[in-house]
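Chain naming here is simple, since letters A, B, ... match the order of the sequence lines and numbering starts at 1 in each.
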There are 2 protein chains.
Amino acid sequence: MYHFRVATAGRDTGRRLRADAEHNTARILAAAEEVLAADPAASLERIGEAAGLTRATVHRRFASRRALLEALTEQLNQRYLTALDQSRADGAPPLVAFRRLTEIVFELKAGHRFAMELMSDETGCHGGLTPEVAAGLEEVFAQLREAGEITATGADWCRQVYLALLQEADQLPEDATDLVQAGRSKAELVVRAVVGALGGHGSRST
Amino acid sequence: MYHFRVATAGRDTGRRLRADAEHNTARILAAAEEVLAADPAASLERIGEAAGLTRATVHRRFASRRALLEALTEQLNQRYLTALDQSRADGAPPLVAFRRLTEIVFELKAGHRFAMELMSDETGCHGGLTPEVAAGLEEVFAQLREAGEITATGADWCRQVYLALLQEADQLPEDATDLVQAGRSKAELVVRAVVGALGGHGSRST
DNA sequence: GCTAACTGTGACAGCTGTGTATCACTTAAG
DNA sequence: CTTAAGTGATACACAGCTGTCACAGTTAGC
């Protein structure tokens, strides 16, 4: 677990937070994830309310709205990194690793795109993703390409298609017909769709 | 062409607008399309500025921000409708019609998703699309399915995948490798990706 | 050229969100 | 138990966007 440190007013004193305070920061981040996914322009008031806290407390844990968003994207990037690590732990074939990665991302229930697009202006590129995460994804697709699972060559295109389809599958109702056909597994649906979209199994000539 | 009528303060007097006024409303809509695509929370001030007009004028043509967004989505839905009509004009095979539809959408340079997600709360479903447009898209995919081009069965999934990939392709730089491989045609790239994503040419078993 | 229509400018009130600060109260941690 | 840390409640200043208005200047249309 990551231990937050006192950072009110932007100054990191190096002192440990009290247990309940650290717990509350986590609740705020979780609430922000949920609320901002529904409405990217939601106020800190609503986020605090969703976390069962006051707006003042939100401001104590995060000096500004911007700071909260940064912490949020950092958390999400961290999740992607661990998911990437876990997926390629053993020497499983690329497609299996890809499927595992997708499953983990869904389990983490990362409201996948909310903050990314909010921060995309600031980070400049990669749609809010850390360069490390982007590089990790690029490697995943490179291995899929070597294994002949896909034919698309552009890292940007592969990444964006993957993130977009993750997003769409996430919003799909549980009883969607396509989802049932894929064994009720959103990960399975996404894997098939992404591989197909990126030219899987036989490049087509229009 | 559609002739706007005097609607300041929400009242439609039935009187025709002066030519320059009508021209300006179009400029506002175009500017709004561009500005809101970059920043969905952009102020009317910035939209007016982009249109070379004052905020007051924006308010004269559209009684409220909400009214502007409604007009914007209506315009976009209208474009999709005409695109659907043109694509299935002659009895061309479904895949050809689909390709044509995608080309037209790209030509119209509809910043495809901006306002849709803004209005999605109000319209309730279909991601901001008119029921007619949604139905038209559903028919397109139904014919693709009959022709054996795709295997996915859910209308929602097909539509969302299509719109998502349109969006991603639209943001792709002109010199992307995948785009070059597809003959520098974003429409071509989208058609291949969508057909692949929706199970085109042989259903796969994981 | 005349007139009605349209625009620009500037000003105003109202609302919402942000960020800060203070004070009393509660609670975790030694 | 004692203390330092954390929270809730409240108030305040500030900024930005919205919506409306009035007035003067400009322009399209007959």
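The nearest whole Å value for the distance from the NE2 atom in A/H23 to the P atom in C/dA28 is 12 Å. In this structure, A/H59 places its NE2 atom 12 Å from P of C/dG17, rounding to the nearest Å. C/dA11 atom P lies 14 Å from atom CD of B/E45, rounded to whole Å. Look at CD on B/E22: it is 10 Å from P on D/dG29, rounded to the nearest Å. Between B/L44 atom CG and D/dT18 atom P there is a gap of 4 Å when expressed in whole angstrom units. Residue A/R66 contributes atom CZ, which lies 18 Å from atom C1' of C/dG17 at whole-angstrom precision. Atom pair A/I28:CD1 and D/dT7:P shows a separation of 8 Å (rounding to whole Å applied). Atom CZ in A/R61 sits roughly 16 Å away from atom P in C/dG19 (whole-Å rounding).
Between its two ends, the helix from C/dG1-D/dC30 to C/dG30-D/dC1 turns its axis by 40°, counting five pairs per end and rounding to 10 degrees.
You'll find that the side chain of B/R65 is closest to D/dG19, out of D/dT7, D/dA28, D/dG19. Of the candidate nucleotides C/dT7, C/dT18, D/dG6, C/dT7 has the atom nearest to the side chain of B/T57. Proximity note for B/R60 (side chain, C-beta onward) versus D/dT7, D/dA4, C/dT9: the nearest is C/dT9. The nucleotide whose nearest atom lies closest to any side-chain atom of B/R18 is, among D/dT18, D/dA28, C/dA28, D/dA28.
No donor-acceptor pair closer than 3.5 Å links the side chain of A/N77 to the backbone N or O of A/L129. With hydrogens and angles disregarded, no donor-acceptor distance shorter than 3.5 Å links the side chain of A/T54 to the backbone of A/T57.
Ion pairing between B/R18 and B/E22 fails under the 4.0 Å rule for side-chain N and carboxylate O. A salt bridge does not link B/E49 to B/R55: none of the charged nitrogens lies less than 4.0 Å from a carboxylate oxygen. One finds no salt bridge joining A/R145 and A/E149 here, because no Lys/Arg side-chain nitrogen approaches an Asp/Glu carboxylate oxygen to under 4.0 Å. With respect to B/R79 and B/E33, a salt bridge is recorded, a charged nitrogen being found less than 4.0 Å from a carboxylate O. Salt bridge A/R192/A/E188: present, at least one basic N to carboxylate O contact under 4.0 Å.
Only B/G52, B/L53, B/T54, B/R55, B/A56, listed by number, bring a heavy atom of residues 47-56 of chain B to less than 4.0 angstrom from any atom of DNA chain C.
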Stepwise side-chain contact (heavy atoms from CB on, under 4.5 Å) check, B/D170 with B/V190: CA-CA 9 Å; B/D170 194 37; B/V190 169; over 6 Å; no
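Between A/F141 and A/Y162, the ring planes are perpendicular. Angles over 60° get that label, and only those under 30° would be called parallel.
Contact between the side-chain N/O atoms of A/N24 and the OP1/OP2 oxygens of D/dT7 is found at a separation under 4.0 Å.
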